[in-house]
There are 2 protein chains.
Amino acid sequence: MPRLLIIEDDDRIRLSLRLALEDEGYTVRDVPTAEAALTEHRAHPADLVLVDLMLPGMDGFDCIRAMRRLGDVPIVVVSARDDTHDVVAALEAGADDYVVKPVAVKELSARLRALRRRASGSGEDAPKVRRFGEIELRPEAGEVLLGEEQVHLTRTEFRLLCELADQTGRVLSRQQLLDRVWGYDVYGDERLVDVHIGRLRRKVERDPANPAHVLTVRGLGYKLSP
Amino acid sequence: MPRLLIIEDDDRIRLSLRLALEDEGYTVRDVPTAEAALTEHRAHPADLVLVDLMLPGMDGFDCIRAMRRLGDVPIVVVSARDDTHDVVAALEAGADDYVVKPVAVKELSARLRALRRRASGSGEDAPKVRRFGEIELRPEAGEVLLGEEQVHLTRTEFRLLCELADQTGRVLSRQQLLDRVWGYDVYGDERLVDVHIGRLRRKVERDPANPAHVLTVRGLGYKLSP
DNA sequence: CCGTCGCGTGACGGTCCCGTGACGGGCACC
DNA sequence: GGTGCCCGTCACGGGACCGTCACGCGACGG
């Protein structure tokens, strides 16, 4: 749930933007002034910033520059002025995009998504690797480490581990695992899961007979304990 | 000197964009069709792409999607249509920005700068020499060294190695490799990849039967291990 | 304490995936 | 026209992997 900060002095516009973008799935904080925005952003850094240029007190350009000094959060300007000079000045100040009021919410939302997609790359990379004790799972590389050494998993074992990892701590029934790992049309022997769980344990558990992470929940299924 | 690729079928607009942006310091290549753009981009990847939506043959949306499959180069749409639906569709297809003709060059240039600033973090610039054990890859010179001695790779083998190197450690499926090495429109036999992987191994691996770097991930594809 | 149920595990045959050699066509260069 | 070089296709063989089965053991309930 990405956090969005709206800086806009007009109450009606601020509210309508807020409602529209909350519908799009953002967690929105809105403030009427640049000063309040900086305080808010320092306290709760946002993932995206929407800023009006015409603000009382510190104006939008200064606000952008101040934000830039705090970090490299994506900034979109929403302005009533459709003027090349303003666009250039805002972008030079450090904004990432500039849209003109009245804004089409669909377009604004699409621009925010595009920007987030672009920004997420350079931002602090989301560590795709997941750890469970000594087990380190790297979906990108298709490999698994047990402590320091790499262990080789077959495709089915790997998927099985991934599915369990996706629902860490939760118990998954054999049928659920059949659905997710093997496909939706498999109604075969549920014992198949047991066999692969066993094979998986032999590879990723120090003591396969007394598993520390790939655990059996008798009568229900299996779970991965962190 | 950033490389810019312009895709625009109108000769006059293409030329004026080219001249204006060369003034801004870009090294410009321009083409009239999406097909030509894809060929050009595969041969000489650009740092930025400017694309018109209304193109003869493959349209701008498909062009954007095809570009996206090749890499994450920043893409700016320049269109005569000022329509929210088009903006949303273009951004959803993978574009980064959308400006409406007639464009103010100053604004376009500022938007390109803002985009480059944002993208440069994740974008891999300066393709330097890369090493993988005894394998030394020099994309600029188009040559590969195994230990001290230079080995001759064919064009296809070289591209294959480069694509794997660009995503070191990550598994690439046969289809992904077909897309990036052979072209987006190849739906032919995926086994083709296997053959070239084999030929590549014979040249860059000390023991081709037990490859140390060009590794198979059974059921998924291939990866290059560092 | 015993029967039953659920689960772990070893063995095995079949299947599919991948490596490889062979072959013909296209292209550039001589 | 000849001659390599390179590429794409095909077929074959081997081995990794998968699914099934059967057996045995430990956990529960009566």
Side-chain angles (χ1 to χ4, degrees), chain A residues 142-144 151-164 171-183 185-224, chain B residues 42 142-144 151-161 163-164 171-183 185-224:
Chain A
E143 62 188 23
V144 172
V151 293
H152 173 70
L153 296 190
T154 72
R155 191 160 50 118
T156 306
E157 289 155 7
F158 192 76
R159 284 192 193 164
L160 187 56
L161 184 55
C162 284
E163 286 303 330
L164 289 170
V171 180
L172 292 173
S173 72
R174 290 174 172 72
Q175 190 55 52
Q176 283 177 317
L177 289 170
L178 275 180
D179 285 348
R180 301 185 186 196
V181 177
W182 279 265
D185 50 355
V186 174
Y187 297 109
D189 193 354
E190 294 191 344
R191 301 298 313 283
L192 174 56
V193 178
D194 302 22
V195 178
H196 281 277
I197 286 285
R199 288 169 180 164
L200 181 58
R201 279 182 183 146
R202 239 170 288 167
K203 293 181 179 177
V204 302
E205 291 281 0
R206 291 292 184 192
D207 179 10
N210 299 90
H213 298 98
V214 183
L215 305 183
T216 303
V217 182
R218 195 180 171 85
L220 293 177
Y222 298 94
K223 71 173 180 181
L224 186 64
Chain B
R42 263 194 293 272
E143 61 188 24
V144 172
V151 293
H152 171 71
L153 296 190
T154 71
R155 197 159 47 106
T156 305
E157 289 155 7
F158 190 74
R159 283 195 192 166
L160 187 55
L161 183 55
E163 287 303 329
L164 289 169
V171 181
L172 293 174
S173 71
R174 291 176 171 73
Q175 190 55 53
Q176 283 176 317
L177 289 170
L178 276 179
D179 285 348
R180 301 184 186 196
V181 177
W182 280 265
D185 52 354
V186 174
Y187 297 111
D189 193 355
E190 295 190 343
R191 300 298 312 283
L192 173 57
V193 178
D194 302 23
V195 177
H196 281 276
I197 286 285
R199 287 168 180 163
L200 181 59
R201 279 182 182 145
R202 242 169 284 168
K203 294 181 179 178
V204 302
E205 291 279 1
R206 291 292 184 192
D207 180 9
N210 299 90
H213 297 98
V214 182
L215 304 182
T216 303
V217 182
R218 198 179 171 84
L220 293 177
Y222 298 94
K223 70 176 178 181
L224 185 64

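Nothing here was measured: the structure is a model prediction, and the numbers come from that model. By convention in this document, chain letters (A, B, ...) are assigned in the order of the sequence lines, proteins followed by strands, and residues within each chain are numbered from 1. Values below: all heavy atoms of this structure, side chains included; hydrogens, waters and symmetry mates excluded.
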NZ/B:Lys203: more than 12 non-hydrogen atoms of other groups inside 6.0 Å: yes
Value in whole Å for how far the C1' atom of D:dA16 lies from CD of A:Glu157: 11 Å
Side-chain donor or acceptor of A:Glu157 paired with backbone N/O of A:Arg199 under 3.5 Å: no
Short side-chain N/O contact to C:dG6 OP1/OP2 from A:Arg191, under 4.0 Å: no
Test item: B:Arg218 and A:Thr154 side chains (from C-beta on) under 4.5 Å apart, heavy atoms: no
D:dC6 phosphate, OP1 or OP2, under 4.0 Å from B:Thr154 side-chain N/O: no
Sugar-phosphate, base or nothing in reach of A:Arg199, heavy atoms under 4.0 Å: base
Length of the line joining A:Arg218:CZ and C:dT4:P, which is rounded to integer Å: 15 Å
side-chain N/O B:Trp182 vs D:dC7 OP1/OP2, d < 4.0 Å: no
Any B:Leu164 side-chain heavy atom under 4.5 Å of B:Ile197 side chain: yes
Nearest-nucleotide pick for A:Tyr222, side chain only, options being C:dC18, C:dG8, D:dC7: C:dG8
Spacing between A:Lys203 atom NZ and D:dC18 atom C1', to the nearest angstrom: 12 Å
Position toward the 5' end of DNA chain D (nearest nucleotide), A:Thr156 or B:Val195: B:Val195
Test item: B:Val193 and B:Val181 side chains (from C-beta on) under 4.5 Å apart, heavy atoms: no
Nucleotide D:dA22, atom C1' - distance to CG of A:Leu192 in whole Å: 16 Å
Value in whole Å for how far the P atom of D:dC7 lies from CG of B:Leu160: 11 Å
A:Leu220 vs A:Arg155, nearer the 5' end of DNA chain C by closest nucleotide: A:Leu220
Separation of D:dC5 P from B:Leu153 CG (nearest whole Å): 15 Å
Below 4.0 Å: OP1/OP2 of C:dG8 and any side-chain N or O of A:Thr216: yes
Contact under 4.0 Å: A:His152 side-chain N or O vs D:dC17 OP1/OP2: yes
Integer-rounded Å distance: C:dG19 P and B:Glu190 CD: 14 Å
Phosphate-side-chain proximity, A:Arg202 and C:dG10, N/O vs OP1/OP2 below 4.0 Å: yes
Length of the line joining B:Leu200:CG and D:dG8:P, which is rounded to integer Å: 14 Å
